[in-house]
Colleague: 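Dumping the structure here so I can ask a few things about it.
Residue numbers run from 1 in the order of the sequence given. All values below were derived from every heavy atom in this structure, side-chain atoms included, with hydrogens, water molecules and symmetry-related copies excluded.
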Amino acid sequence: MTWLPERLPEGKRLYFASDFHLGAPDKEKSRERERRIVRWLDAVAPDAQAIFLMGDLFDFWFEYRHVVPKGFIRLQGKLAQLADSGIQIVFFTGNHDMWMFDYFSDELGIPVYKDPKEFTINGKKFLIGHGDGLGPGDAVYKILKKIFANRTCQLLFGFLHPFMGMGIANAWSSRSRLHNNKKEGMVAVESEWLYTWCKEQEAKEHRNFYIFGHRHLPLDLPVGPESRYLNLGEWLNHFTYAVFDGENMALKTFEG
């Protein structure tokens, strides 16, 4: 991420949010949540240097060569407006929108990353990403991810008519999200997958902040004496996000 300045300009901040799951659980509730997300983007825009969207913005997304999923136009329009105004928008794919290819980059000017990335700003080292497939858990998903990430499998799925393909994928996506939601609030710190993974990474190389989504758990945990793991939670229930002011990182809730 060489486009980020080495130091934040005075008064500027970095914002991080994840797991909007637009499209779930139904159109009405998704539309209400989309409007709330747009209000949050408007609220943070005045002092935002960059906004990191850390995956699962959509409950399902697949880009056919000439077709993209219907809906979510309010969010896309707002992101285009912010990008055009000079705010850096960065998107990480999650397990629900891993089949995003070049639509955001071509149409909105938003870079799309599929793996965790590292950057340094104001002397602080960050390692950020969605978080799916990391750590000791998710054994079945790790196998599925390799299949879903396979280019041949993607091409074969693309041959399905969108009516059939979207129907199959939305049904799977709903089951995946519900399975993850059942585990919320029941995970002990010592068995939190991403926390375990971050501690392992910190033992190899120091970073100040490990920032991920995926687990739907708003968490701010020490990884080392000067290192923290933050999970961004989700916007189905928690409406949480993180902000870095150049020195301090905080996990906050958008009341909206």
Colleague: Please examine the side chains of D26 and K29, heavy atoms only from C-beta on, and report whether any two atoms are closer than 4.5 Å.
Modeller: yes
Colleague: Group every Ile, Leu, Val, Met, Phe, Trp and Tyr by side-chain heavy-atom contacts under 4.5 Å, then state whether V38 and V44 land in the same group.
Modeller: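 No.
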Colleague: Evaluate side-chain contact (heavy atoms from CB on, under 4.5 Å) for F20 paired with L236, printing each intermediate quantity in order.
Modeller: CA-CA 7 Å; F20 296 160; L236 292 159; over 6 Å; no
Colleague: State which residue, out of V112, L22, L57, fulfils the side-chain contact (heavy atoms from CB on, under 4.5 Å) condition with D97.
Modeller: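 Result for side-chain contact (heavy atoms from CB on, under 4.5 Å) with D97: L57.
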Colleague: Aromatic rings Y241 and F254: how do their planes relate, parallel, tilted or perpendicular, breaks at 30° and 60°?
Modeller: perpendicular
Colleague: In chain order, what residues pass the side chain to side chain contact (heavy atoms under 4.5 Å, CB included) check against V223, with sequence neighbours excluded?
Modeller: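 Partners of V223 by the side chain to side chain contact (heavy atoms under 4.5 Å, CB included) criterion, ordered by chain and then number, come out as Y195, C198, K199, E202, Y210, S227, Y229.
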Colleague: Run the side-chain contact (heavy atoms from CB on, under 4.5 Å) test on L194 and N231 for me, step by step, so that the C-alpha distance in whole Å, both residues' side-chain angles and the decisive distance to 0.1 Å come before the verdict.
Modeller: CA-CA 9 Å; L194 278 172; N231 194 283; 3.9 Å; yes
Colleague: NE2/H238 to OG1/T253 distance, rounded to the nearest 0.5 angstrom?
Modeller: 9.0 Å
Colleague: Applying salt bridge (charged side-chain N to carboxylate O under 4.0 Å, His left out), name anything that partners K78, two or more places apart in sequence or on another chain.
Modeller: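 Expected list: D42.
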Colleague: Below 4.5 Å, heavy atoms only, C-beta onward: do I51 and W40 meet side chain to side chain?
Modeller: yes
Colleague: Do side-chain atoms of E34 reach the backbone of L75 as a donor and acceptor pair under 3.5 angstrom?
Modeller: yes
Colleague: Considering all heavy atoms of both residues, which atom of P5 and which atom of P9 are nearest to each other, and what is their separation?
Modeller: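 Looks like CG-CD, 4.4 Å.
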Colleague: Report the residue from H216, E234, R33 that forms a side-chain hydrogen bond (donor to acceptor under 3.5 Å, both in side chains) with H21.
Modeller: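 That would be H216.
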Colleague: Is any side-chain heavy atom of L230 less than 4.5 Å from a side-chain heavy atom of M249?
Modeller: yes
Colleague: Hey, mind stepping through W193 and D132 against side-chain contact (heavy atoms from CB on, under 4.5 Å) and telling me if it holds?
Modeller: CA-CA 10 Å; W193 305 337; D132 57 312; over 6 Å; no
Colleague: So how far is it from L217 CG to L232 CG, rounded to the nearest 0.5 Å?
Modeller: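 Between L217 CG and L232 CG, I get 11.5 Å after rounding to 0.5 Å.
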Colleague: Could you tell me the separation between the NZ atom of K125 and the CD atom of E226, rounded to the nearest 0.5 Å?
Modeller: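 Taking NZ in K125 and CD in E226, the distance rounds to 13.0 Å.
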Colleague: Could you check whether the rings of Y103 and W61 sit parallel, tilted or perpendicular, using 30° and 60° as the cut-offs?
Modeller: tilted
Colleague: Under the 3.5 angstrom rule, does the side chain of Q88 hit a backbone N or O of A48 as a donor-acceptor pair?
Modeller: no
Colleague: What do you reckon, are the aromatic ring centroids of Y15 and F52 less than 6.0 Å apart?
Modeller: no
Colleague: Check whether any side-chain heavy atom of H130 sits under 4.5 Å from a side-chain heavy atom of S18, and report yes or no.
Modeller: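 Sidechains of S18 and H130: in contact.
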Colleague: Looking at E205 and R207, is any side-chain nitrogen of the basic one under 4.0 Å from a carboxylate oxygen of the acidic one?
Modeller: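 A salt bridge is present here (some side-chain N lies under 4.0 Å from a carboxylate O).
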Colleague: Just wondering, do E118 and F126 contact through their side chains at under 4.5 Å, heavy atoms?
Modeller: no
Colleague: Taking the ring of W197 and the ring of F212, is the distance between their centroids below 6.0 Å?
Modeller: yes
Colleague: Verify side-chain contact (heavy atoms from CB on, under 4.5 Å) between E255 and F239, making sure each step is shown before the conclusion.
Modeller: CA-CA 8 Å; E255 302 297 342; F239 312 106; over 6 Å; no
Colleague: To the closest 0.5 Å, what do you measure between CD (Q49) and CZ (R7)?
Modeller: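 Going from the CD atom of Q49 to the CZ atom of R7 covers 12.5 Å.
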Colleague: Kindly write out the residues that satisfy side chain to side chain contact (heavy atoms under 4.5 Å, CB included) with E247, not counting sequence neighbours, or none if the list is empty.
Modeller: K124, D245
Colleague: So do the side chains of R74 and R31 get within less than 4.5 Å of each other, counting heavy atoms only?
Modeller: yes
Colleague: Treating H96 as the side-chain partner and D59 as the backbone partner, does any N or O pair qualify as donor plus acceptor under 3.5 Å?
Modeller: yes
Colleague: What residue among D19, D56, I37 forms side-chain contact (heavy atoms from CB on, under 4.5 Å) with W235?
Modeller: I37
Colleague: Using a strict 4.0 Å threshold on nitrogen-to-oxygen distance, state whether R13 and D47 make a salt bridge.
Modeller: yes
Colleague: So do F72 and S30 actually touch side chain to side chain, heavy atoms under 4.5 Å?
Modeller: yes
Colleague: Can you confirm if the aromatic rings of F16 and F244 lie within a centre distance of less than 6.0 Å?
Modeller: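 Judged by ring-centre distance (under 6.0 Å), F244 and F16 do not meet the cut-off.
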Colleague: Does one hydrophobic cluster hold both L221 and L127, with members joined at side-chain heavy-atom distances below 4.5 Å?
Modeller: yes
Colleague: Decide yes or no for E10 and L8: does some side-chain heavy atom of the first lie under 4.5 Å from some side-chain heavy atom of the second?
Modeller: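 No. Closest side-chain heavy atoms not under 4.5 Å.
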Colleague: Can you tell me how far apart CG (L53) and CD1 (I110) are? Round to the nearest 0.5 Å.
Modeller: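 One gets 7.0 Å once the value is rounded to the nearest 0.5 Å.
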Colleague: Any chance you could measure F209, atom CZ, to R228, atom CZ, to the nearest 0.5 Å?
Modeller: 5.5 Å
